[in-house]
Amino acid sequence: MSSTTSIHGMWSSRLAFILAATGSAVGLGNIWRFPYTAGEFGGGAFVLVYLLCVAAIGIPIMMAEIMLGRRGRQSPINTMCTLAKREGATPAWQLLGWVGILAGFLILSFYSVIAGWTLAYVVQAGSGDFSGINADASAAFFGDLVGDPARLLTWHTLFMIMTVLVVARGVASGLEKAVQFLMPALFLLLLIMVIYAWQAGDFGAAWVYMFQPDFAKLEAHAGEAMLSAMGQAFFSLSLGMGAIMIYGSYLSSQASIGRNVVIIAGMDTLVALLAGMAIFPIVFANGLEPGSGPGLIFQTLPIAFGQMPGGSLFGTLFFVLLVFAAWTSGISLLEPMVAWLVESREFGRPLAAILAGIAVWLLGIACLLSLNLWSEFTVWGMGILDLFDYITANVLLPLGGVAIALFAGWVMHRQSSEQEFNLKPGSPFYLLWRLLIRYLAPISVILVFLDAVGFLDIIIEWI
Ligand code: PFF
């Protein structure tokens with residue numbers, strides 16, 4: 001018999017769940033990571049592969065993750081352990097929860113540093129520092145920030161405190177209300193930015209760049225590009241580490257999972273595309289380099305705010321909203337480990353949140369130092385921050401996703417998943433999901449992995 005509620009609280013409504021899960025999905029991944037990663041891989045072809053990954057891999061895995069969470073009603077580690085036993089499988093499936101905790105830990109440590117950049121930019125935009133700024137000055141501005149460990153530490157610390165405060169109170173209480181106004185406001189502001197970029201930037205060039213796939217641009221590093229597009233889909237949809245699973249564990253048993261997932265993934269994708277349409281026109285109009293890396297939006301947007309009427313106000317508002325978007329994602333990154341500490345170590349929620357927060361904060365210091373004092377220290381040509389970003393998005397999250405797909409599609413009995421989806425036996429939606437989760441999603445992820453390490457080429461040649 002499965003429980004119908006979680007000890008950590010429940011969302012007050014279906015809308016609350018949609019808002020919280022969208023809050024987790026929409027964040028720096030859409031507005032900071034998507035444009036610069038698309039830029040690094042030359043635009044359109046990457047965007048197309050990304051969209052395919054969202055539809056064919058992301059959506060079915062998100063449905064599976066929510067379904068597992070709701071059936072287990074505990075932290076991902078304990079959920080996987082309980083469900084595995086119930087389905088007659090080995091409790092070693094809880095490893096999935098542990099890898100998820102590790103991924104969440106690594107992601108939040110660098111995520112908080114980037115969210116710190118956003119906080120710093122709120123203050124800069126508010127004090128009118130961007131007015132009339134050109135591309136060189138904007139780049140210098142960004143360079144000053146990332147070169148200054150003390151400033152980075154201050155903002156990283158503030159972001160971690162904000163995140164711990166909410167998680168300590170319980171996500172179901174504070175988060176719902178915040179996201180309710182945040183999401184529409186962020187949407188509106190992004191639209192304003194797109195309209196501005198359309199008027200003042202090179203919209204035509206940006207459109208061609210993003211939506212006319214030029215596969216020749218991928219040829220040189222197709223494997224790497226596909227891996228990055230898939231990693232971006234996992235990262236942006238918050239999949240593969242238990243964040244969406246735990247949010248699913250607070251969802252009422254009556255809600256329809258399929259419909260909710262389509263809404264959440266749709267909004268997440270829309271925000272990413274809007275961010276691209278706001279940024280690339282400005283990039284092209286100012287002769288900037290779309291593939292310039294993680295500083296892209298932080299060097300581009302100030303130029304737009306510096307030129308547009310009312311730019312200080314818009315700029316401040318924009319970065320405030322981006323902080324909120326990052327905050328609601330950061331909360332979901334911390335929640336799985338805190339829930340586990342509460343369940344299994346019997347800590348009170350505030351203590352659990354503080355301890356987990358301190359651990360992440362410490363690791364975040366290594367990330368921020370990798371931008372300046374420790375920049376010489378690299379692994380595979382990447383500093384610590386870039387390394388954590390690469391390993392989590394491109395390896396750990398997709399691996400977690402495959403494990404979720406295999407468990408939901410092969411280990412779990414058909415009656416169990418059918419019952420959890422509240423669908424009639426033989427429903428076409430269920431059959432489609434089952435096909436995707438058993439075959440298409442895991443096989444695609446594995447092929448992309450094999451392709452990225454060059455294994456596929458060897459096999460093809462051999463055949
Ligand atoms: N989806 C978030 C973003 O796009 O910013 C980041 C994220 C949150 C990744 C939660 C993974 C996760 F589990």
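Read the numbers this way: they start at 1 and go in the same order the structure lists the ligands and their atoms.
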Pairing donors with acceptors under 3.5 angstrom, does anything connect the side chains of [X] and [Y]?
{"X": "W361", "Y": "T157", "value": "yes"}
{"X": "S238", "Y": "S24", "value": "yes"}
{"X": "R70", "Y": "T79", "value": "no"}
{"X": "T82", "Y": "Q74", "value": "yes"}
{"X": "N78", "Y": "S344", "value": "yes"}
{"X": "E343", "Y": "S75", "value": "yes"}

Provide, to 0.1 Å, the distance between [atom] and the closest protein heavy atom, together with that atom's residue and name.
{"atom": "atom 12 (C) of ligand 1", "answer": "L333 CD2, 3.4 Å"}
{"atom": "atom 9 (C) of ligand 1", "answer": "F235 O, 3.3 Å"}
{"atom": "atom 13 (F) of ligand 1", "answer": "M241 SD, 2.8 Å"}
{"atom": "atom 2 (C) of ligand 1", "answer": "S24 O, 3.3 Å"}

Using distance alone, determine whether [X] and ligand 1 share an N or O pair under 3.5 Å.
{"X": "L237", "answer": "no"}
{"X": "S238", "answer": "yes"}
{"X": "G29", "answer": "yes"}

Which of the atoms of ligand 1 are close to [X], meaning less than 4.0 Å from one of its heavy atoms?
{"X": "L28", "answer": "5 (O)"}
{"X": "N30", "answer": "4 (O)"}
{"X": "A243", "answer": "13 (F)"}

Looking only at heavy atoms of Y111, does any of them come nearer than 4.0 Å to an atom of ligand 1?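 Yes.
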Determine whether any heavy atom of A25 lies closer than 4.0 Å to an atom of ligand 1.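 Flag set, A25 near ligand 1.
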In this structure, is the centre-to-centre distance between the rings of F280 and Y209 below 6.0 Å?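 Ring centres of F280 and Y209 closer than 6.0 Å.
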Is R33 salt-bridged to D389, cutoff N-O under 4.0 Å? yes
